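What follows is one structure encoded as structure tokens, with my remarks underneath.
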There are 2 protein chains.
Amino acid sequence: MTETSSNQSTEGGPPGRIGIGLELDATHLKILEVLRENGRISVAALAERVGISRANAYTRFEALRADGAIRRFTAEIDHTRAGLGITALIFVTVRQQMWRQFRAELAKMPEVEYCAITTGQHDAMIQIRVADVAAVHSMVTERLANIPAVKATETVFILDEVIRRPYVLPSDRGPGRPPRRPAPAPAQDPVPLGKLGFVGAAEGRAGLGKE
Amino acid sequence: MTETSSNQSTEGGPPGRIGIGLELDATHLKILEVLRENGRISVAALAERVGISRANAYTRFEALRADGAIRRFTAEIDHTRAGLGITALIFVTVRQQMWRQFRAELAKMPEVEYCAITTGQHDAMIQIRVADVAAVHSMVTERLANIPAVKATETVFILDEVIRRPYVLPSDRGPGRPPRRPAPAPAQDPVPLGKLGFVGAAEGRAGLGKE
DNA sequence: GTTGAAATTAGTACGAA
DNA sequence: TTCGTACTAATTTCAAC
């Protein structure tokens, strides 16, 4: 394998990008299915498992990467083995119009594995991985509390992670059970891309996603 | 590459396994760092980037896989491109001593990407990816509400995902800033493995992790 | 979109330091 | 343990169909 992937981090990239570059058909989805289970499979073996020729597999593989449908390839690491046995969720209430600052401060915190903007009682949810409970405490009281943009926090520990799938795909639903519409779609589009996708900062929360 | 990775899903595997099989040194962490950014890099290129010989890289690579420090390799997929533009969090209150049923029902739901048992007000947090908001509604009212083990739910939409890191590593903290203890550790252990790791079903919540 | 053959690269198995 | 090298097997590329 020639070191294909440059793999620059997508953090802070354009999240609300809805534009479609590639129409995903059943074969594309099949490729994604295999790749999410085994990101290191060779394209040759991938072609065999999907049931297409190698040249075709190479073409589609590259297209999926170029299009961004495949963001990157990564290793799932056992965080307890890596010395980060504690996982916690921190729900943050953010002062309006200080989102930019909040985001900037977040970027400086390497223990943050995930951060999402949510509806509901709080504004954001942060997932962190640290070595011990003391680190959670110092993270919340010393670092987060010192950010002016942070109005309030609520911390919860994760006791167990029951399901952690690489990425859900539409095909997971199975062929026999349509997502919602039993049999509408006249000229059936391969995949309802970006349907109602309001992902991207919204509701006066602009300034977080971009820039 | 001989299709190395069997990559069987770890879902429902033993989560609370604390036993250490491998002591991770700085080189191991360096390998993990590279691999989490580029899971498809060849071992030869990996060796070069880490600064060790190819033979050594192969040995350590295999050791990390065998030990479980590397769970699997996966492709990060852009869910909006895959037709699943809606992400939601569902907080679930579970009836005590019905965890087994709850877990069994969860396993039947392919739209669940992540499920964690938490402390605090609710008992579990589920993250789902679906095509439209209607699917969230039907998921909550038709499927979750029909599980006897589910006492109550609270749903929140994810408007934007600001940070999504592959996996946090201890080395992310940087060399200059120790995690918590400035300079204690007499015979410094390479990594405080499993320290205070209460990951694994606890607090009368047994039966979820291991069945 | 597919197949086959050539060139490159990856993976393995040594011995030596 | 780690390294360096040689050997074998697989993968990728490129061509023609």
Side-chain angles (χ1 to χ4, degrees), chain A residues 1-7 21-67 69-70 72-76 81-83 171 188-191, chain B residues 1-8 20-75 171 187-191 193:
Chain A
M1 186 193 309
T2 28
E3 188 184 334
T4 325
S5 13
S6 330
N7 246 338
L22 190 70
E23 284 253 315
L24 302 186
D25 59 19
T27 309
H28 283 122
L29 288 178
K30 221 167 175 180
I31 291 175
L32 294 180
E33 259 174 81
V34 175
L35 246 29
R36 113 192 119 150
E37 282 167 28
N38 185 356
R40 270 184 90 81
I41 193 174
S42 71
V43 182
L46 173 70
E48 199 178 8
R49 275 174 75 168
V50 174
I52 56 176
S53 70
R54 280 160 313 171
N56 193 357
Y58 276 105
T59 307
R60 287 168 175 273
F61 182 86
E62 248 323 299
L64 286 169
R65 276 194 123 290
D67 180 65
I70 298 175
R72 67 169 149 192
F73 292 93
T74 188
E76 263 194 28
R81 284 267 192 343
S171 46
Q188 54 174 44
D189 25 300
V191 149
Chain B
M1 186 194 308
T2 27
E3 188 183 335
T4 324
S5 13
S6 330
N7 247 339
Q8 71 276 15
I20 318 165
L22 188 70
E23 284 252 317
L24 302 186
D25 58 21
T27 307
H28 283 122
L29 288 179
K30 221 166 175 180
I31 291 174
L32 294 180
E33 257 175 82
V34 174
L35 246 30
R36 118 192 114 150
E37 282 167 26
N38 185 356
R40 267 183 93 80
I41 193 173
S42 71
V43 183
L46 174 70
E48 198 179 6
R49 274 173 77 166
V50 174
I52 55 177
S53 71
R54 285 204 314 162
N56 194 358
Y58 275 107
T59 308
R60 287 169 175 272
F61 182 85
E62 247 324 298
L64 286 169
R65 276 194 125 288
D67 181 64
I70 298 175
R71 279 229 185 78
R72 67 170 149 190
F73 292 94
T74 187
S171 46
Q188 56 174 40
D189 25 301
V191 150
L193 278 159

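The structure displayed is predicted, hence computed values, not measured ones. Computed over heavy atoms, backbone and side chain alike; hydrogens, waters and symmetry mates excluded. Letters A, B, ... are given to chains in the order of the sequence lines, protein chains preceding strands, and every chain is numbered from 1.
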Distance, rounded to the nearest Å, where [X] contributes [atom1] and [N] contributes [atom2]:
X: B:Glu48; N: C:dG11; atom1: CD; atom2: P; answer: 15 Å
X: A:Arg60; N: D:dT12; atom1: CZ; atom2: C1'; answer: 19 Å
X: B:Glu23; N: D:dT1; atom1: CD; atom2: C1'; answer: 16 Å
X: B:Asn56; N: C:dA13; atom1: CG; atom2: P; answer: 17 Å
X: B:His28; N: D:dT1; atom1: NE2; atom2: P; answer: 11 Å
X: B:Glu62; N: D:dT1; atom1: CD; atom2: P; answer: 17 Å
X: A:Arg49; N: D:dT11; atom1: CZ; atom2: P; answer: 13 Å
X: A:Ile41; N: C:dG11; atom1: CD1; atom2: P; answer: 14 Å

What distance do [X] atom [atom1] and [Y] atom [atom2] have between them, rounded to the nearest 0.5 Å?
X: B:Tyr58; Y: B:Ile52; atom1: OH; atom2: CD1; value: 11.5 Å
X: A:Ile31; Y: A:Leu64; atom1: CD1; atom2: CG; value: 5.5 Å
X: B:Ile70; Y: B:Arg60; atom1: CD1; atom2: CZ; value: 12.0 Å
X: A:Glu76; Y: B:Arg36; atom1: CD; atom2: CZ; value: 13.5 Å
X: B:Asp25; Y: B:Lys30; atom1: CG; atom2: NZ; value: 11.0 Å

Open item on the list: Using only atom types and a distance under 3.5 Å, with no angle test, would you say the side chain of A:Arg40 pairs donor to acceptor with the backbone of B:Ile41?
Closed with: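 Indeed, once roles are kept as given, a pair shorter than 3.5 Å links the two residues.
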TODO: With side-chain contact (heavy atoms from CB on, under 4.5 Å) as the test, would you mind laying out the steps for B:Val43 and B:Glu62 before giving the verdict?
DONE: CA-CA 10 Å; B:Val43 183; B:Glu62 247 324 298; over 6 Å; no
Open item on the list: Distance criterion of 3.5 Å, no angle test: do you see the side chain of B:Arg54 paired donor-to-acceptor with the base of D:dG4?
Closed with: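 Not at all, since no donor on one side and acceptor on the other fall under 3.5 Å apart.
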- [ ] With the side chain counted from C-beta on, respond yes when A:Glu37 and A:Arg49 share a heavy-atom pair under 4.5 Å apart, and no when they do not.
- [x]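 In short, these two side chains touch, coming nearer than 4.5 Å.
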Task: Below 4.0 Å: OP1/OP2 of C:dA10 and any side-chain N or O of B:Ser42 - done: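 Checking B:Ser42 against C:dA10: at least one side-chain N or O falls below 4.0 Å of OP1 or OP2.
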- [ ] Please check the phosphate of D:dT12 (OP1 and OP2 only) for any side-chain N or O of A:Tyr58 closer than 4.0 Å.
- [x]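 Answer yes for this pair, as a side-chain N or O of A:Tyr58 is under 4.0 Å from OP1 or OP2.
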- [ ] Please list, chain by chain and in numerical order, all residues satisfying side-chain contact (heavy atoms from CB on, under 4.5 Å) with B:Ser53, sequence neighbours excluded.
- [x]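 Result, side-chain contact (heavy atoms from CB on, under 4.5 Å) vs B:Ser53: B:Ala55, B:Asn56.
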Find every protein N or O atom lying less than 3.5 Å from an N or O atom of nucleotides 14-17 of chain D, and list the pairs.
none

Task: Global bending angle along the helix from C:dG1-D:dC17 to C:dA17-D:dT1, which compares the axes of five pairs at either end, to 10 degrees - done: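 The angle separating the two end axes equals 30°.
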